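Notes to accompany the following structure.
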Amino acid sequence: MIYGIGTDISDVRRFKKWVNSPELISRFFAKEELFFLEENNKTMDAACRHYAARFAAKEAFVKALGTGFVGIELKGLWVSKNEDGKPFFSFNDKTKKILDNRIGNKYNIQLSISHEKEYAVAFVLIEKSEDL
């Protein structure tokens with residue numbers, strides 16, 4: 001059963017200010033999401049796309065959950081990738097508890113993210129089932 005869906009779009013250009021401000025990055029992103037420009041000669045544009053996509057994913061998640069950010073910190077969930085590069089959410093204990101209290105512990109969360117030059121978009125589908 002579909003519990004909720006959420007989508008969000010972010011302007012990549014907005015994140016240039018964030019990339020140049022480590023305190024903003026550390027305020028909104030978990031350490032698992034940090035993007036290091038020094039690694040493999042990464043560009044500022046790549047960093048901005050990285051953070052814009054993850055920010056959109058977080059926004060889409062709280063929309064699908066139906067809570068907004070009430071009780072949930074942006075750093076309390078982060079986008080990880082499996083060995084094939086498929087994105088998925090990871091949660092800190094506080095966010096996991098909110099999720100479990102809201103929909104139980106049998107759920108499946110699908111995440112799709114994409115970015116193209118100026119925009120990043122994310123879509124989240126939360127399924128709830130007693131059979132999962």
Side-chain angles (χ1 to χ4, degrees):
M1 172 175 88
I2 294 175
Y3 178 82
I5 59 171
T7 190
D8 194 70
I9 187 168
S10 293
D11 188 331
V12 170
R13 296 167 293 192
R14 168 181 171 207
F15 289 84
K16 187 171 186 178
K17 176 178 77 172
W18 293 38
V19 172
N20 288 320
S21 176
E23 58 274 359
L24 274 176
I25 294 297
S26 66
R27 180 176 170 201
F28 295 112
F29 295 94
K31 68 181 184 302
E32 293 84 356
E33 294 177 293
L34 297 182
F35 186 95
F36 299 101
L37 292 173
E38 308 82 39
E39 292 179 9
N40 303 317
N41 272 338
K42 301 289 183 170
T43 66
M44 174 65 76
D45 288 343
C48 292
R49 286 190 303 271
H50 173 89
Y51 288 119
R54 279 147 185 80
F55 190 83
K58 294 172 189 231
E59 288 274 358
F61 172 77
V62 298
K63 289 174 182 177
L65 188 58
T67 61
F69 282 104
V70 175
I72 297 176
E73 299 174 324
L74 282 163
K75 288 172 53 169
L77 63 149
W78 57 95
V79 175
S80 299
K81 289 185 179 181
N82 72 13
E83 60 278 354
D84 296 322
K86 181 180 178 182
F88 64 93
F89 284 109
S90 297
F91 305 102
N92 69 7
D93 290 341
K94 181 179 176 184
T95 303
K96 177 81 169 100
K97 184 176 179 181
I98 291 169
L99 183 59
D100 290 348
N101 286 340
R102 185 127 178 129
I103 62 174
N105 62 359
K106 293 185 178 183
Y107 52 82
N108 187 29
I109 300 171
Q110 298 294 324
L111 167 63
S112 178
I113 57 176
S114 186
H115 46 74
E116 177 63 32
K117 295 183 183 177
E118 297 176 359
Y119 298 99
V121 65
F123 182 82
V124 173
L125 170 73
I126 301 176
E127 299 171 287
K128 176 183 175 181
S129 174
E130 297 303 317
D131 299 329
L132 289 175

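Nothing fancy with the numbering, it's 1 onward along the sequence. Atom set for the values below is all heavy atoms of this structure, side chains included, hydrogens, waters and symmetry mates excluded. The model shown is predicted, which means the values in this text are computed figures rather than measured ones.
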Following the transitive rule for hydrophobic clusters with a side-chain heavy-atom cut-off under 4.5 Å over Ile, Leu, Val, Met, Phe, Trp and Tyr, establish whether [X] and [Y] coincide in one cluster.
| X | Y | value |
| --- | --- | --- |
| F89 | F123 | no |
| I103 | L125 | no |
| I25 | F28 | yes |
| I113 | V121 | no |
| Y3 | L99 | yes |

For [X], does the [atom1] atom sit with more than 12 other heavy atoms under 6.0 Å from it, leaving out its own atoms?
| X | atom1 | value |
| --- | --- | --- |
| K86 | NZ | no |
| D93 | CG | no |
| L34 | CG | yes |

Next on the checklist: Parallel, tilted or perpendicular, judged at 30° and 60°: which one describes the rings of F35 and Y51?
Outcome noted: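 The rings of F35 and Y51 stand perpendicular, inter-plane angle above 60°.
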Next on the checklist: What verdict does the side chain to side chain contact (heavy atoms under 4.5 Å, CB included) test give for L24 and F29, after you've listed the backbone C-alpha separation in whole Å, the side-chain angles of each residue and the deciding distance to 0.1 Å?
Outcome noted: CA-CA 8 Å; L24 274 176; F29 295 94; over 6 Å; no
Nearest-0.5 Å distance, [atom1] of residue [X] to [atom2] of residue [Y]:
| X | Y | atom1 | atom2 | result |
| --- | --- | --- | --- | --- |
| I9 | E118 | CD1 | CD | 10.5 Å |
| I126 | L111 | CD1 | CG | 10.5 Å |
| K128 | I109 | NZ | CD1 | 13.0 Å |
| H115 | D45 | NE2 | CG | 11.5 Å |

Checklist entry - Of the non-hydrogen atoms in S21 and E23, which two are nearest, and what is the gap between them? => result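 Distance-wise, the nearest heavy atoms are OG-OE2, 2.8 Å.
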Item to check | Residue pair N92 / T95: nearest heavy atoms and the distance that separates them | outcome: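 Closest heavy-atom pair between N92 and T95: OD1-N, 2.8 Å.
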Checklist entry - Does A122 offer a backbone N or O that forms a donor-acceptor pair with the side chain of S112 under 3.5 Å? => result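 No; judged by distance alone, with no hydrogens or angles, the pair does not exist.
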Checklist entry - Which pairs pass side-chain hydrogen bond (donor to acceptor under 3.5 Å, both in side chains) with one or both residues in residues 52-64, sequence neighbours excluded? => result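 Residue pairs with at least one partner in residues 52-64: D8-K63, E33-K58, H50-R54.
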Checklist entry - Quick one: ring-ring contact (aromatic ring centres under 6.0 Å, His included) partners of F55, sequence neighbours excluded? => result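 F55 satisfies ring-ring contact (aromatic ring centres under 6.0 Å, His included) with F15, W18 once adjacent residues are dropped.
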Checklist entry - Are R13 and D11 close enough for a salt bridge, meaning some N to O gap below 4.0 Å? => result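 So R13 pairs with D11 through a salt bridge.
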Scan the side chains in residues 66-80 for donor-acceptor partners under 3.5 Å anywhere in the protein, sequence neighbours excluded, and list what turns up.
| unit_1 | atom_1 | unit_2 | atom_2 | d |
| --- | --- | --- | --- | --- |
| K75 | NZ | S26 | O | 3.0 |
| S80 | OG | S90 | OG | 3.0 |

